[in-house]
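Okay, structure first, notes after.
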Amino acid sequence: MDKLRGELIDIIEWLDDSRDTIVWRFPRYQNEIKMGAQLVVRESQTAVFVNEGKIADVFTPGTYTLETRNLPILSTLKGWKYGFNSPFKAEVYFVNTRQFTDMKWGTQNPVILRDAEFGVVRVRAFGAFAARVVDASRLLRELVGTDPQFRTEEVQEYLRQLMVGRLGGALATAGVPLLDLAAHQDAIGRRLAAVLTEELAEVGIAIPKFVIENVSVPPEVEQALDKRTSMGAVGDLDRYTRFQAANAMEAAANNPGGEAGAGIGLGMGMAMGQQMARSMGGGAATQPAQPAPAEPPPLPGQAQWYVGVGGQRQGPYDLGALAEQANAGALGADTLVWRTGMAQWQPAGQVPELASVLASVPPPLPPQ
């Protein structure tokens, strides 16, 4: 009787002492399961009976006394039409249905995005995600097979590649500028979790949580962003220059014996004196500096004219010189002219100031 009792299994249960086991096969070896044995399925577990490679009955959390009435599929496969109570052999897989939250993901290669402000930019991202089994039968059929202990490391790389493959599309279709990604990481993560759950439904896995911890850009883009931030922090460049000058004067005053200090103090003093003079001048200090004229200024009382002949600029001429050009036939009503104050070149016949010059030109001779 002791020998017979040792060959029969009367309690089937699994106490998980690991944190990464998804599926565990009950070690039956050559022992048989006694009809009437106790099956204990704890919370966050699902028990699946497999007979000769075919998935039979599935048990949710609870305690069961194994009988033909609660093993309908297995009873059909075994041919127990009349409730035969002999021991039987079957494989029992316990599937862990809790959330596995210690799973990481990251982009080994950068993802290329098109940003409205920075153009084409390469980004890297990393974070974490949670996975759980929602269909034990599909998981056994599609991924586990006959593996007696299926761990997270066996499926994590597959999930990571799937997530990285969907990340670029999620970021591109989000329509969020690069500088605003941090404020929308949660929304993008929820969208990715829903997309991945739908895609993984065929293997019985769901992604209840997808977290984007960070999105980074290449170092050269970071340097450009730092420069832009520094310019924004400076604000008014004129006030910043005066502040720097005041600091330099203070440093020079603390070292009156140094030649460099004397030179800096003299230069800063002149600069401050000029600044004070501009301030005393009232609104003149706020007027922008006028650019230097491209040509020497004309003599007082005489307008300087330029003439365009054959695509070349000639001059400057005063009115007397223009009259000579008109008498010589080099200046007509259609000749382009310009002087300081005119917005653009105009035909001489359209300039009222040249009416007297053109009036002195004799008309053409009549035909002989």
Side-chain angles (χ1 to χ4, degrees), residues 1 3-100 130-156 158-159 197-208:
M1 291 298 297
K3 181 178 180 181
L4 180 61
R5 189 179 298 110
E7 293 179 352
L8 298 179
I9 297 174
D10 52 6
I11 297 179
I12 303 173
E13 62 180 348
W14 176 39
L15 297 176
D16 184 15
D17 57 355
S18 69
R19 299 297 300 172
D20 61 349
T21 301
I22 302 177
V23 178
W24 181 77
R25 185 173 64 191
F26 185 78
R28 182 183 56 81
Y29 189 51
Q30 294 182 351
N31 293 352
E32 294 183 335
I33 300 174
K34 181 176 67 175
M35 185 63 69
Q38 295 292 315
L39 172 64
V40 181
V41 183
R42 290 173 170 78
E43 290 292 341
S44 72
Q45 289 182 355
T46 298
V48 181
F49 280 72
V50 177
N51 177 69
E52 296 180 356
K54 295 182 179 180
I55 294 179
D57 301 285
V58 180
F59 292 86
T60 56
T63 300
Y64 306 87
T65 299
L66 297 180
E67 299 173 347
T68 54
R69 62 183 179 86
N70 56 18
L71 293 168
I73 301 177
L74 187 63
S75 299
T76 302
L77 294 175
K78 290 290 187 181
W80 296 329
K81 299 180 181 180
Y82 305 103
F84 188 66
N85 291 324
S86 63
F88 62 93
K89 291 185 177 181
E91 296 177 345
V92 182
Y93 289 87
F94 283 90
V95 180
N96 200 334
T97 58
R98 71 172 181 86
Q99 288 193 32
F100 292 89
R132 77 183 317 168
V133 178
V134 294
D135 192 326
S137 300
R138 287 188 177 183
L139 179 70
L140 290 174
R141 188 180 299 112
E142 300 295 337
L143 291 182
V144 179
T146 59
D147 192 345
Q149 189 171 12
F150 187 73
R151 297 179 178 272
T152 56
E153 62 184 15
E154 300 180 54
V155 72
Q156 186 169 0
Y158 166 71
L159 296 178
T197 297
E198 182 178 357
E199 186 162 350
L200 291 170
E202 61 183 13
V203 296
I205 296 178
I207 306 297

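Numbers here simply count residues along the sequence, with the first being 1. Values below: all heavy atoms of this structure, side chains included; hydrogens, waters and symmetry mates excluded.
- For Y93 against D147, the heavy-atom pair with the smallest separation is CE2-O, 3.9 Å.
- Relative ring orientation between W24 and W14 is described as parallel, the plane-to-plane angle staying below 30° on a 0-90° scale split at 30° and 60°.
- Counting only distance, with no hydrogens or angles, the side chain of Q99 and the backbone of P208 share no donor-acceptor pair below 3.5 Å.
- Looking only at side-chain heavy atoms (C-beta outward), V134 and T197 stay at 4.5 Å or farther from each other.
- When all heavy atoms of I33 and A90 are compared, the pair lying nearest together is CD1-O, 3.8 Å.
- The structure places CD of E198 at 13.0 Å from CD1 of I207, a figure rounded to the nearest 0.5 Å.
- From E153, atom CD reaches atom OG1 of T21 across 9.5 Å, with rounding to the nearest 0.5 Å.
- One finds the CD atom of E91 at 11.0 Å from the CD1 atom of I55 (value rounded to the nearest 0.5 Å).
- Put simply, the side chain of D57 gets close to the backbone of I73: a donor and an acceptor are under 3.5 Å apart.
- One distance of note links CG of L71 with CZ of F88; it measures 5.5 Å at 0.5 Å rounding.
- Closest non-hydrogen pair, T65 versus Q38, comes out as OG1-NE2, 2.9 Å.
- Under a cut-off of 6.0 angstrom, the local environment of CZ in R98 is crowded, with over 12 non-hydrogen atoms contributed by other residues, nucleotides or ligands.
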Where do L143 and V23 land on the side chain to side chain contact (heavy atoms under 4.5 Å, CB included) test, with the steps shown first?
CA-CA 11 Å; L143 291 182; V23 178; over 6 Å; no

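- The closest side-chain heavy-atom distance from V133 to F100 is not below 4.5 Å.
- For the pair R138 (side chain) and A201 (backbone), a donor-acceptor distance under 3.5 Å is present.
- The two residues L200 and Y158 make their nearest non-hydrogen contact at CD2-CE2, 3.9 Å.
- For the pair T68 (side chain) and S75 (backbone), a donor-acceptor distance under 3.5 Å is absent.
- Looking at heavy atoms from C-beta onward, I22 lies in side-chain contact with L139 at the 4.5 angstrom threshold.
- You'll find the side chain of I12 reaches within 4.5 Å of the side chain of L66, heavy atoms only.
- Atoms CZ and CD, from F94 and E13 in turn, are 7.5 Å apart once rounded to the nearest 0.5 Å.
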Starting from the C-alpha separation in whole Å, work towards a yes-or-no answer on salt bridge (charged side-chain N to carboxylate O under 4.0 Å, His left out) for E67 and R69.
CA-CA 5 Å; E67 299 173 347; R69 62 183 179 86; 2.7 Å; yes

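- Taking OG1 of T97 as the start and CG of D135 as the end, the distance is 12.0 Å to the nearest 0.5 Å.
- Each of T152, D16, D20 was evaluated against N96; a single residue qualifies, D16, per the side-chain hydrogen bond (donor to acceptor under 3.5 Å, both in side chains) test.
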